[in-house]
Amino acid sequence: MRIIAPSILSADFSRLGEEIIAVEKAGADWIHIDVMDGHFVPNLTIGPGVVASLRKTTGLPFDVHLMISDPDRYIDAFAAAGSDYITVHVEAATHLHRTIAYIKDKGKKAGVSLNPATPLTQIEPVLGDLDLLLIMTVNPGFGGQKFIPSMIAKVQAARKLIDAHAPHVLLEVDGGITTGNIGTVAAAGANALVAGAAVFGSNDYGQTITALKNA
């Protein structure tokens, strides 16, 4: 069974706690939290204070995706806020190996994300140190974007790379995941799938999450 991680980027921000409780009851496995700084990506979302407040609402793993410049400055805060996975972008981390080690030193699982145009070769030197590799299948910054079809080949290549060199690493895919394409993405090798608009834009979270898992 693949991990379904609803992204609260597409949730109703006026009642985030209720939304998280609702998707947990609907069968979500993780909660995906997109943190944006208006610099690395052209949008602003939430900080560690909000994550700490949301931590009180659920025991589900918090999959915190830092789409921010200089992520090292905020790892302590997001770790203390209750993150389980902390994922940084290879494009934003100047000393990636050090960043990964620091996340693990804080007792958290370490992830690295790649933008669509960033080649897999960028993570090869640190792959064995990771707990999670996140392949972006849209350009990060906004929810509700359409899946980039050419990313299937990248997901397949990532699967082969992980199987050959670091089989412990979870392969996560984020961006434009729907009931119509999740089967193809899972078949390409993804272990964890982030779905924002597909879940929170639906009228029945339980029905949609079940459909995503069945697909």
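Since we're looking at a predicted model, the values are computed, not measured.
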Enquirer: A side-chain contact here means heavy atoms from C-beta on lying under 4.5 Å apart; do Y85 and L170 qualify?
Expert: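 Contact flag for Y85/L170 side chains = yes.
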Enquirer: Evaluate whether atom CD of Q156 has more than 12 neighbouring non-hydrogen atoms of other residues, nucleotides or ligands under 6.0 angstrom away.
Expert: yes
Enquirer: If you define the side chain from C-beta out and look only at heavy atoms, does anything of V64 sit under 4.5 Å from T87?
Expert: no
Enquirer: Give the cluster check for V185 versus L133: same hydrophobic cluster or not, with ILVMFWY residues linked at side-chain heavy-atom distances below 4.5 Å.
Expert: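 Yes, because V185 and L133 connect within a single hydrophobic cluster, where side-chain heavy atoms sit under 4.5 Å apart.
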Enquirer: Are D12 and R15 within salt-bridge range, i.e. N to O under 4.0 Å?
Expert: yes
Enquirer: Could you point out which residue of L171, I3, I182 forms a side-chain contact (heavy atoms from CB on, under 4.5 Å) with L193?
Expert: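 Running side-chain contact (heavy atoms from CB on, under 4.5 Å) over L171, I3, I182 with L193 returns exactly one hit, I182.
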Enquirer: Taking the side chain as every heavy atom from C-beta outward, state whether L44 and M36 have any atom pair closer than 4.5 Å.
Expert: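 L44 vs M36: side chains apart.
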Enquirer: Kindly give the heavy-atom pair with the smallest separation between A157 and L120, and that separation in Å.
Expert: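 Nearest pair, atom of A157 first, then L120: CB-CD1, 3.6 Å.
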Enquirer: Run N191 and R159 through side-chain contact (heavy atoms from CB on, under 4.5 Å) and show every step you take.
Expert: CA-CA 9 Å; N191 303 114; R159 177 78 271 157; 3.2 Å; yes
Enquirer: How close do V199 and V23 get, heavy atom to heavy atom, and via which atoms?
Expert: CG1-CG1, 3.9 Å
Enquirer: Measure the spacing between CG of L54 and CD1 of I33 and express it to the nearest 0.5 Å.
Expert: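 The CD1 atom of I33 is 6.0 Å from CG of L54, to the nearest 0.5 Å.
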Enquirer: Are any of the side-chain heavy atoms of I68 and H39 separated by less than 4.5 Å?
Expert: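 They are not in contact (no side-chain heavy atoms under 4.5 Å apart), so the answer is no.
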Enquirer: Thinking salt bridges, do R73 and D37 make one under a 4.0 Å N-O criterion?
Expert: no
Enquirer: Under the 3.5 angstrom rule, does the side chain of D174 hit a backbone N or O of T137 as a donor-acceptor pair?
Expert: no
Enquirer: Is any side-chain heavy atom of F147 closer than 4.5 Å to a side-chain heavy atom of I177?
Expert: yes
Enquirer: Are Y102 and V126 linked, directly or through intermediate hydrophobic residues, by side-chain heavy-atom contacts shorter than 4.5 Å (ILVMFWY only)?
Expert: yes
Enquirer: Between T118 and E91, is any side-chain donor less than 3.5 angstrom from a side-chain acceptor?
Expert: yes
Enquirer: Keeping R2 on the side-chain end and A190 on the backbone end, is there a donor-acceptor pair under 3.5 Å?
Expert: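 Judged by distance alone, yes, a pair lies under 3.5 Å.
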Enquirer: Answer yes or no: is there a donor N or O on one side and an acceptor on the other, between the side chain of K154 and the main chain of I135, under 3.5 Å?
Expert: no
Enquirer: So V88 and I103, side-chain contact (heavy atoms from CB on, under 4.5 Å) or not? Walk me through it.
Expert: CA-CA 10 Å; V88 301; I103 292 170; 4.2 Å; yes
Enquirer: List the steps and the verdict of side-chain contact (heavy atoms from CB on, under 4.5 Å) for T58 and I21.
Expert: CA-CA 7 Å; T58 181; I21 292 168; 5.9 Å; no
Enquirer: Indicate yes or no: at least one non-hydrogen side-chain atom of V112 is less than 4.5 angstrom from one of L96.
Expert: yes
Enquirer: Would a single hydrophobic cluster contain both V173 and V138, if residues Ile, Leu, Val, Met, Phe, Trp and Tyr are joined by side-chain heavy-atom contacts under 4.5 Å?
Expert: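 Not linked; separate clusters.
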Enquirer: So which heavy atom on M136 is nearest to which on P116, and how close?
Expert: O-CG, 3.6 Å
Enquirer: So, the side chain of D131 versus the backbone of G111: is there a donor-acceptor pair under 3.5 Å, distance only?
Expert: no
Enquirer: Quick one: which of T208, L212, N214 gives a side-chain contact (heavy atoms from CB on, under 4.5 Å) with T210?
Expert: N214
Enquirer: Can any side-chain N or O of S10 pair as donor or acceptor with the backbone N or O of A197 at less than 3.5 Å?
Expert: yes
Enquirer: Evaluate the side-chain contact (heavy atoms from CB on, under 4.5 Å) criterion for residues F40 and L66: first the C-alpha distance (whole Å), next the side-chain angles of each, then the deciding distance (0.1 Å), finally the verdict.
Expert: CA-CA 10 Å; F40 180 69; L66 301 184; over 6 Å; no
Enquirer: Measure the spacing between CG of L132 and CG of D63 and express it to the nearest 0.5 Å.
Expert: 6.0 Å
Enquirer: Is the backbone of N139 close enough, under 3.5 Å, to the side chain of Q145 for a donor and an acceptor to pair up by distance?
Expert: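 At least one qualifying donor-acceptor pair exists.
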Enquirer: How close do E24 and T57 get, counting heavy atoms only, and between which atoms?
Expert: OE1-O, 4.3 Å
Enquirer: Quick check on R98: does its CZ atom have over 12 non-hydrogen neighbours (other residues, nucleotides or ligands) under 6.0 Å away?
Expert: no
Enquirer: Looking at every heavy atom in both H89 and N115, which two are closest together, and how far apart are they?
Expert: CE1-OD1, 3.1 Å
Enquirer: Check this for me: does any side-chain nitrogen of one of D84 and K109 sit under 4.0 Å from a carboxylate oxygen of the other?
Expert: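 Judged by the 4.0 Å cut-off on N to carboxylate O distance, D84 and K109 do not form a salt bridge.
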Enquirer: In this structure, are over 12 heavy atoms from other groups packed under 6.0 Å from Y74 atom OH?
Expert: no
Enquirer: Minimum heavy-atom separation for A93 and T99, please, with both atom names.
Expert: CB-OG1, 4.2 Å
Enquirer: Can you tell me how far apart OG (S7) and NE2 (H65) are? Round to the nearest 0.5 Å.
Expert: 9.5 Å
Enquirer: Between D34 (side chain only) and M67 (backbone N and O only), is there a donor and an acceptor less than 3.5 Å apart?
Expert: no
Enquirer: Donor-acceptor check, side chain of E19 to backbone of I8, threshold 3.5 angstrom: yes or no?
Expert: no
Enquirer: Are V155 and L134 in one and the same hydrophobic cluster, where Ile, Leu, Val, Met, Phe, Trp and Tyr link if side-chain heavy atoms are under 4.5 Å apart?
Expert: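 Different clusters: V155 never reaches L134 through Ile, Leu, Val, Met, Phe, Trp or Tyr contacts under 4.5 Å.
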Enquirer: Less than 6.0 angstrom separating the ring centers of F62 and F78, yes or no?
Expert: no
Enquirer: Could you tell me whether the side chain of K104 and the main chain of D129 form a donor-acceptor pair under 3.5 Å?
Expert: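 Side chain of K104 to backbone of D129, a donor-acceptor pair under 3.5 Å: yes, one is there.
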Enquirer: Looking at T178, is its backbone amide N or carbonyl O close enough to the side chain of N181 to form a donor-acceptor pair, meaning the two atoms are under 3.5 Å apart?
Expert: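 Present.
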Enquirer: Can you confirm whether W30 sits close enough to V194 that some side-chain heavy atom of one is under 4.5 Å from a side-chain heavy atom of the other?
Expert: no
Enquirer: Side-chain heavy atoms nearer than 4.5 Å, only ILVMFWY residues, links allowed to pass through others: does that put I31 and I86 together?
Expert: yes
